[in-house]
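Encoded as structure tokens, the structure appears first; notes follow it.
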Amino acid sequence: MDYSPKKIEPYWQDLWSKEKSFACEKSDKNLPKKYILEMFPYPSGRIHMGHVRNYTIGDVITRYRITKGDNVLHPMGWDAFGMPAENAAMENKIHPKEWTYKNIDSMRVQLKSLGLAIDWDREFATCDHDYIKHQQNIFIDFLKNDLVYRKESEVNWDPVDNTVLANEQVIDGLGWRSGAIVERRKLNQWFLKISDFSDDLLDGLEKLNKWPEKVKLMQKNWIGKSSGAVFNFKVVEEFSKIADKIEVYTTRPDTLFGASFCAIAPDHAIATIISQNSDNALKFIKKCQKIASSEEAIEKVIKEGFDTGIKVQHPFDKDIKLPVYIANFVLSSYGKGAIFGCPAHDQRDLDFARKYNLPVLPVVCPENVNKKDVVIENEAYIGEGKIINSKFLDGLNIKEAKKVAINKLKELRIGKKEINYRLRDWGISRQRYWGCPIPILYREDGKIIPVPIDELPITLPEDIDFSQPGNPLEKHPTWKYTTCKETGLKAVRETDTFDTFIDSSWYFARFCELDDSKPINRDEANYWLPVDQYIGGIEHAILHLLYSRFFTRALKITGHLEIKEPFDGMFTQGMVCHETYSNERGDWIEPKFVRKGDNKQESLHIDTGEKIKIGPSEKMSKSKKNIVDPDDIIKLYGADTARWFVLSDSPPDRDIFWTEAGIESSNKFINKIWRTILDYKEIVEQKDIKNKSEQIQFMKVIYKSIKDITLNLEKMSFNKAIANIYSLIGELSKSDTKEKISSETASKILKHLIIILSPFIPHLAEESWAHVGFEGLVCKQSWPEFDESFTDNESAKIVVQINGKKRGELLLPRETEEKEVVEVANNNNKIKNDLAGKEIKKIIYVKGRILNFVV
RNA sequence: GCGGACAUGGUGGAAUUGGUAGACACAUCAGACUUAAAAUCUGAAGGAGAUUAUCUCCGUCCCGGUUCGAGUCCGGGUGUCCGCACCA
């Protein structure tokens with residue numbers, strides 16, 4: 001009987017669906033719970049291999065936990081708002097809503113064809129009116145609890161299209177559609193006070209011990225807590241009309257005597273004043289505004305400054321006067337938007353000082369270097385040392401000098417110690433149509449008020465025009481005009497929509513119960529949350545996870561939740577990569593159009609016969625066309641084979657390289673499993689009795705495998721679990737094994753084997769379970785316990801080393817004492833020879849492992 | 001530019017967390033079955049060398065260090081990938 005995924009996979013998918021096998025029970029306090037969640041997908045229309053990998057990993061854990069007897073929640077939804085829908089509207093004249101829901105429908109079918117153990121009863125999309133309603137409700141609660149405010153903030157502005165651009169739409173400083181030079185422009189926008197939680201978000205990381213260290217480190221650096229000082233530079237008298245002081249933040253108050261200039265951000269208040277009287281300053285500021293607003297763009301730009309002519313006094317020495325520059329690398333959003341530069345001990349300041357011929361005075365002397373020999377060439381010294389050239393700070397180390405300098409600033413009443421954070425408040429306004437409307441009214445009397453709760457949801461108008469650039473909500477003839485019910489005054493709606501990160505910051509709580517009456521059902525959330533295992537790409541390591549952690553805290557303050565941390569366990573999976581192919585004209589070619597030539601050396605286009613150049617394996621992307629469509633793979637090999645491939649070989653947190661050979665070999669092995677099961681079924685039916693002592697050996701094989709696979713599953717080492725299965729099947733399918741195994745042993749092994757396989761290849765497992773004649777569904781069986789009495793513990797291979805080099809090995813009982821092992825080793829011919837004529841200085845023995853002679 | 005990660009045979013990876021480097025696979029080669037091919041089964045295999053059933057040396061990106069012992073720990077470097085706040 002052939003293995004036919006085309007027939008069996010849809011059959012079992014239908015059955016699971018009909019029987020609601022994975023619809024999870026409501027909270028049952030008597031049952032241990034597990035909430036397994038993968039990051040929900042953006043409904044682009046087609047699933048890609050990254051999805052297959054992500055959801056397969058989650059599915060294996062889900063199915064495994066079910067067999068372990070847990071009450072498992074494993075839901076699915078859609079992160080449905082976002083720019084691609086608007087782009088599709090502009091390019092293909094299809095309404096974003098229609099486009100999105102169509103995509104959801106086709107992706108749901110695709111996901112179901114993977115055989116995922118998902119509770120589809122809890123499905124929702126973030127663009128559903130129901131979800132919008134609750135999200136707007138939450139926002140109003142945040143507003144009432146003082147977690148929201150409005151301020152001016154910069155955006156990328158395309159002066160040709162008259163529209164706001166996302167960072168990804170700015171390519172080398174130019175708008176992606178118009179090609180115009182992008183400018184920075186200030187808009188009034190809504191912000192969430194995430195920075196109030198900086199310390200709490202930082203401290204919370206320590207307790208997240210089921211998170212990857214690298215993710216926690218990235219978040220820690222992102223929050224960027226630093227200790228330093230704020231203080232004022234007094235502006236020299238003759239410029240006092242412009243300003244009397246400049247406030248700066250520094251983490252190096254110890255280097256203050258090495259200061260040779262001050263620099264302010266291009267949008268600093270003083271820069272604005274200066275630009276009113278200086279065309280050159282204005283020109284320079286305008287030039288700075290042409291740099292895109294992303295931090296990356298600002299940091300990469302060549303460092304330049306504009307000398308304002310203003311001078312400030314050194315706080316510790318009135319006679320030292322420093323020039324003030326407007327500099328393109330000073331960020332107004334960090335610290336005070338102004339710094340002092342100490343070129344000797346900061347590379348960026350040094351580069352700047354060399355460019356504008358500013359003095360470079362070293363004030364830190366490295367250990368073991370004479371004060372006179374400290375010379376700064378083209379490299380700033382940022383290491384430890386003793387302070388020099390700094391009057392009252394001389395001779396102190398950096399740490400002491402910081403303290404003394406801060407105390408002095410305090411004494412002079414011009415500064416103080418300050419803790420600063422890199423994390424800034426979360427700007428949530430987007431000038432786009434396809435997002436959740438921000439429920440705010442601007443009343444004609446100037447008041448800004450939330451929309452009354454009973455008027456929610458504020459939904460998007462459907463009759464919109466995408467032929468004009470800009471936000472269609474702004475341009476809609478009627479949508480934004482309304483009246484305030486309470487006062488009867490005229491009002492205008494907020495036409496900005498929420499950042500889509502808001503949508504994904506609480507969806508995991510919504511899955512606990514689709515409660516009509518409120519966003520989050522507290523009882524259900526209390527049972528299910530936190531998510532026990534969250535799984536997603538490393539690209540979300542900072543923003544999405546940090547926003548969700550903040551949101552959960554904010555939801556606690558507003559009474560929606562009782563916890564602070566949403567995700568107890570976090571796992572970041574690697575990307576799916578594929579070789580890139582291009583023809584001689586440099587066009588990218590999809591892998592399915594490439595075949596090997598007759599000599600196997602070259603690759604050819606399947607239709608045209610053109611030679612194809614093979615490039616390096618990179619992350620699958622539409623732009624390079626190095627995509628393999630999961631649908632094609634499932635049609636050709638079946639979902640079980642696809643699942644098997646994405647789990648095997650590479651560890652799940654590393655990148656995986658998709659290859660034709662790899663998927664084919666997976667398929668071959670799946671077939672081999674099927675044949676082995678059929679063979680064992682026959683053995684069971686023959687009812688033969690075989691040699692008894694050999695049966696114990698076979699049971700040892702299966703129990704050893706159960707142990708290895710279980711431990712590897714617990715560690716999420718799916719590639720190793722799969723290697724264990726390869727070994728097991730290899731052992732079981734040997735003709736010798738099949739001859740000697742008894743009917744009874746074969747039956748026991750078969751039962752364990754199929755259950756073990758079920759999380760990985762659920763369709764094949766279900767089919768074999770039924771085919772062999774076991775009762776019920778395999779997905780509802782209990783995971784086999786491994787019996788330690790069958791695991792071989794008695795003997796051990798002990799490696800004998802001389803000076804750490806392997807010279808031989810001995811097979812001895814595991815518990816053998818050192819004395820005895822040395823004796824056996826000394827009687828071993830080879831080791832005796834190797835030791836001959838050498839003086840043994842020391843013997844190191846690690847029980848059951850290694851014996852090392854040091855000679 | 002800043003922050004983070006990774007680097008082991010021809011290829012993907014394993015190594016009990018400082019104790020036999022290369023498990024398990026892919027590709028390759030040889031054999032069996034076959035008229036033949038495919039499929040399947042069996043076996044070989046890091047590199048170099050020798051006195052070739054065996055043994056020796058070299059070998060985990062590069063340079064240096066700690067240790068009886070380093071793929072694993074420490075310092076320095078190189079390369080590749082990810083994130084940088086309006087992509088999701």
Side-chain angles (χ1 to χ4, degrees), chain A residues 39-42 44 79 81-84 153 155-156 164-170 189 194 212-215 217-222 224 293-303 329 333 347-348 422-432 499-501 503-504 537-544 546-547 572 574-575 577 616 618-619 648-651 653-657 659 661-662 664-666 668-669 671-672 675 711 717 719-720 722-727 730 733-735 797-806 808-809 830 841-844 846 849-855:
Chain A
M39 290 177 185
F40 64 164
Y42 178 79
S44 59
D79 189 12
F81 278 130
M83 290 206 305
S153 160
V155 293
N156 297 311
V164 175
L165 299 178
N167 283 333
E168 70 153 13
Q169 296 173 321
V170 181
Q189 310 202 56
I194 187 172
E213 285 303 321
K214 62 176 171 183
V215 173
L217 191 58
M218 279 192 244
Q219 291 213 350
K220 188 183 163 202
N221 290 333
W222 187 262
S293 68
S294 75
E295 189 172 305
E296 186 188 3
I298 294 166
E299 294 271 327
K300 266 188 184 163
V301 81
I302 297 163
K303 309 295 179 281
F329 58 86
S333 57
Q347 192 59 44
R348 194 170 55 184
R422 210 183 75 95
L423 180 65
R424 40 184 216 251
D425 279 335
W426 177 11
I428 53 167
S429 298
R430 297 292 180 271
Q431 297 68 41
R432 301 184 205 293
D499 176 7
T500 56
F501 270 124
D503 309 338
S504 55
I538 184 74
E539 66 273 20
H540 293 291
I542 297 174
L543 291 181
H544 163 58
L546 196 62
Y547 289 151
T572 50
M575 297 176 302
C577 301
E618 293 178 49
K619 178 186 180 175
S648 57
D649 282 355
S650 290
D653 53 348
R654 257 206 247 175
D655 289 354
I656 191 171
F657 299 91
T659 59
E664 267 174 19
S665 77
S666 293
K668 277 184 197 172
F669 187 70
N671 274 285
K672 182 172 177 170
R675 285 195 306 275
L711 294 177
S717 297
N719 57 322
K720 290 185 233 167
I722 282 197
N724 299 144
I725 295 174
Y726 271 107
S727 299
S733 65
K734 273 187 192 165
S735 45
K797 223 187 257 176
I798 293 164
V799 172
V800 183
Q801 299 179 330
I802 297 171
N803 284 348
K805 280 200 170 185
K806 184 187 166 191
E809 49 187 49
K830 166 140 199 335
K841 286 186 185 159
K842 199 172 164 189
I843 294 173
I844 290 152
V846 182
R849 273 196 202 162
I850 212 148
L851 178 70
N852 189 12
F853 293 101
V854 185
V855 298

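B:rA25 and B:rG77 have their P atoms separated by 42 Å, given to the nearest Å. Using C1' as the reference atom, B:rG3 and B:rC57 are 44 Å apart when rounded to the nearest Å. Using atom C1' as the reference point in both B:rC61 and B:rC81, the two lie 15 Å apart (nearest Å). B:rA88 sits 15 Å from B:rC84 when the C1' atoms are compared, rounded to a whole Å. Nucleotides B:rU17 and B:rC55, compared at atom C1', are 32 Å apart to the nearest Å. Comparing the P positions of B:rC29 and B:rA38 gives an interatomic distance of 11 Å, to the nearest angstrom. Atom C1' of B:rG47 sits at a distance of 38 Å from the matching atom of B:rU34, rounded to the whole Å.
The nearest heavy atom of RNA chain B to A:Gln189 and to A:Lys806 marks one nucleotide each, and the one closer to the 5' end goes with A:Lys806. Remark on RNA chain B: of its neighbouring residues A:Glu213 and A:Tyr726, the 5'-side contact belongs to A:Glu213, judged by nearest-heavy-atom nucleotide.
Within the shown strands, B:rG79 is the pairing partner of B:rC6 under the Watson-Crick or G-U definition, both distances less than 3.5 Å. For B:rG18, there is no paired nucleotide, since no Watson-Crick or G-U wobble pair has both relevant distances below 3.5 Å. The nucleotide B:rC55 finds its pairing partner in B:rG49, both defining distances of the Watson-Crick or G-U wobble pair being shorter than 3.5 Å. Pair assignment for B:rA85 gives none, since no Watson-Crick or G-U wobble pairing has each distance under 3.5 Å. Nucleotide B:rU67 forms a pair with no other nucleotide shown, judged by Watson-Crick or G-U wobble geometry with both contacts under 3.5 Å. Base pairing of B:rG12 is made with B:rC24, judged by Watson-Crick or G-U wobble geometry with both donor-acceptor distances under 3.5 Å. Across all strands shown, B:rC33 remains unpaired; no Watson-Crick or G-U wobble contact has both distances below 3.5 Å. Look at B:rU60: it lacks any Watson-Crick or wobble partner with both distances under 3.5 angstrom.
To the nearest angstrom, C1' of B:rA5 lies 11 Å from CG of A:Asp655. In this structure, the NZ atom of A:Lys214 is 8 Å from the P atom of B:rA5, given to the nearest Å. Atom CG of A:Asn852 and atom P of B:rU67 are 15 Å apart (whole Å). Atom CD in A:Glu539 sits roughly 14 Å away from atom C1' in B:rA5 (whole-Å rounding). Distance NZ (A:Lys619) to P (B:rC6): 19 Å, rounded to an integer number of Å. Following rounding to the nearest Å, A:Lys303 (NZ) and B:rG1 (P) show an atom-to-atom distance of 9 Å.
Scanning atom types as modelled, no donor and acceptor separated by under 3.5 angstrom connect the side chain of A:Glu295 and the base of B:rC84. One N or O donor and one acceptor, one from the side chain of A:Arg432 and one from the base of B:rC86, sit under 3.5 Å apart. Counting atom types as modelled, A:Glu299 pairs no side-chain N or O with a base atom of B:rC84 as donor and acceptor under 3.5 Å. Side-chain N/O atoms of A:Asn221 and base N/O atoms of B:rG3 include no donor-acceptor pair closer than 3.5 Å.
A:Arg422 contributes a side-chain N or O that, together with a main-chain N or O of A:Trp222, makes up a donor-acceptor pair within less than 3.5 Å.
Base orientation at B:rU52 is syn, since its O4'-C1' glycosidic dihedral falls within 90° of 0.
Comparing B:rC68, B:rC26, B:rC41 by their closest approach to the side chain of A:Ala661 singles out B:rC26. For A:Asn719, whose side chain is taken as the heavy atoms from C-beta onward, the closest listed nucleotide among B:rG83, B:rA14, B:rA85 is B:rA14. Here the side chain of A:Ser650 is nearest to one of B:rA5, B:rA85, B:rG13, namely B:rG13.
Look at A:Asn671 and you won't find any side-chain N or O under 4.0 angstrom from OP1 or OP2 of B:rA39. A close approach under 4.0 Å does occur between a side-chain nitrogen or oxygen of A:Lys805 and OP1 or OP2 of B:rC58. Here A:Ser648 does not reach the OP1 or OP2 of B:rA25: none of its side-chain N or O atoms lies under 4.0 Å away. Look at A:Arg430 and you'll find a side-chain N or O under 4.0 angstrom from OP1 or OP2 of B:rC86. In this model, the phosphate group of B:rA15 is approached by a side-chain N or O of A:Lys720 to a distance below 4.0 Å at OP1 or OP2. Taking 4.0 angstrom as the limit, A:Arg654 places a side-chain polar atom (N or O) nearer than this to OP1 or OP2 of B:rA7.
Between A:Ile844 and A:Leu851, the closest side-chain pair of non-hydrogen atoms is not below 4.5 Å.
Aromatic ring pairs are classed by plane angle as parallel below 30°, tilted from 30° to 60° and perpendicular above 60°; the pair A:Phe669 and A:Tyr726 is tilted.
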